[in-house]
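Excluded from the calculations below are hydrogen atoms, water molecules and symmetry mates; all remaining heavy atoms, backbone and side chain alike, are included. Source: prediction; values computed, not measured. Here is the naming used below: chain letters follow the sequence lines, and residue numbers restart at 1 for every chain.
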There are 2 protein chains.
Amino acid sequence: MGATKTHIFSIRHNELAQAAKVMAHPARIAILEFISKQDSCICTDLVDEIGLAQPTISQHLNEIKKIGLLKGTFEGKNLCYCIDQEKWLELQQFFNSFFSSINQNCC
Amino acid sequence: MGATKTHIFSIRHNELAQAAKVMAHPARIAILEFISKQDSCICTDLVDEIGLAQPTISQHLNEIKKIGLLKGTFEGKNLCYCIDQEKWLELQQFFNSFFSSINQNCC
DNA sequence: AAATGATATTGCAATATTACGATGATATAT
DNA sequence: ATATATCATCGTAATATTGCAATATCATTT
């Protein structure tokens, strides 16, 4: 017990949930917003900006990276993380079509 | 350790994250979708439809209720849960404006 | 080549989430 | 009134998430 029973749900439902999960933490919301405001983006800036320890920021970045929302250079010094525009728009549409599909009223 | 440091984030970031959290589980996505398709909605239908135990469905419904997404009759037999249209649209706009604000490209 | 600076990884503790059996509450039917 | 049906709550086990110190990695300086 305790683990989400992903196998009983559709792929679409699982994917939506997984995408939502990435945004289900204020740090990741703040990170996405901060990165979008910068010309180039380095993890240290984020550590200063957000106020969490560097490993924690790194972990959050990884969660965002996992679903393909970040692109850029990922190795070495002075990394440049950027939001993948294409993926971001795809996600926006994904959410929007879900929101739009829930529109009937019954009460 | 272990708990989200909500106090270091803005109210807006916390609210967005909290709303995302509600959708960050496939059962809750499925529940929202199922309810929107029904004329009236009873928890037992959901138990049959989703395939989780009744207390688990009840818990998930509660998470959705907490952010005000459900309205209807909540006591007695044959409950009628419905999605609050106003709140749902509000949430859709909230997400949409967040998605739209992340649109600059740096790489 | 050693030092430095920036990010990643590991390991672990604290807390949150998920799930369900048992039980409780409440409304309707018999 | 008793039985039944439906949903809520409690208690608890299993698992996931969050956060950080310590450490590792890796590119750039010196």
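- Within a heavy-atom distance below 4.0 Å of DNA chain D, no residue of residues 22-30 of chain B is found.
- Where A:A3 and A:L61 each meet DNA chain C at their nearest nucleotide, the meeting point lying more 5' is that of A:L61.
- If you measure from atom CD1 of B:I8 to atom P of D:dT18, you get 13 Å, rounded to the nearest angstrom.
- Proximity of A:I102 to B:I35: side-chain heavy atoms (C-beta onward) are nowhere separated by under 4.5 Å.
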Only pairs under 3.5 Å count here: list side-chain donor-acceptor contacts from residues 14-28 of chain A, not counting sequence neighbours, and write none if there are none.
from  : atom 1 : to    : atom 2 : distance (Å)
A:N14 : ND2    : A:T6  : O      : 3.0
A:N14 : ND2    : A:F9  : O      : 3.4
A:N14 : ND2    : A:S10 : O      : 3.2
A:H25 : ND1    : A:A27 : N      : 3.0
A:H25 : NE2    : B:T4  : OG1    : 3.4
A:R28 : NE     : A:V22 : O      : 2.7
A:R28 : NH1    : A:H60 : ND1    : 3.0
A:R28 : NH2    : A:K21 : O      : 3.0

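- Note: NZ (A:K66) to C1' (D:dT17) measures 10 Å, nearest angstrom.
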Trace of the salt bridge (Lys or Arg N to Asp or Glu O under 4.0 Å) decision for A:E86 with A:K71:
CA-CA 10 Å; A:E86 217 171 315; A:K71 66 173 186 181; over 6 Å; no
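- Residue B:Y81 places no side-chain N or O under 4.0 Å from the OP1 or OP2 atom of D:dT6.
- Atom pair B:D48:CG and D:dC7:P shows a separation of 10 Å (rounding to whole Å applied).
- Listed by residue number, the members of residues 52-60 of chain A with any heavy atom below 4.0 angstrom from DNA chain C are A:Q54, A:P55, A:S58.
- Contacts classified as salt bridge (Lys or Arg N to Asp or Glu O under 4.0 Å) and involving residues 50-63 of chain A (residues at least two apart or in different chains) are given here: A:E63-A:K66.
- Put simply, CD1 on B:I35 is 11 Å from P on D:dC7, counting in whole angstrom units.
- The side-chain heavy atoms of B:I29 and A:F98, taken from C-beta on, include a pair separated by under 4.5 Å.
- Residues B:F34 and B:D45 meet the side-chain proximity criterion, which asks for heavy atoms closer than 4.5 Å.
- Under 4.0 angstrom from either OP1 or OP2 of D:dT17 there lies no side-chain N or O belonging to B:K21.
- Counting only heavy atoms from C-beta outward, the side chains of A:Y81 and A:I31 never approach each other to under 4.5 Å.
- Take B:H13 and apply the ring-ring contact (aromatic ring centres under 6.0 Å, His included) test, not counting sequence neighbours, and it matches no residue.
- Straight-line distance from the CG atom of A:L46 to the P atom of D:dG19: 14 Å, rounded to whole Å.
- Distance NZ (B:K65) to P (D:dT9): 7 Å, rounded to an integer number of Å.
- The CD-C1' distance, from A:E63 to C:dT9, rounds to 14 Å in whole Å.
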Under 3.5 Å donor-acceptor pairs involving side-chain atoms of residues 47-59 of chain A, not counting sequence neighbours:
none

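- Regarding A:N62, its CG atom lies at a distance of 17 Å from the P atom of D:dT25, rounded to whole Å.
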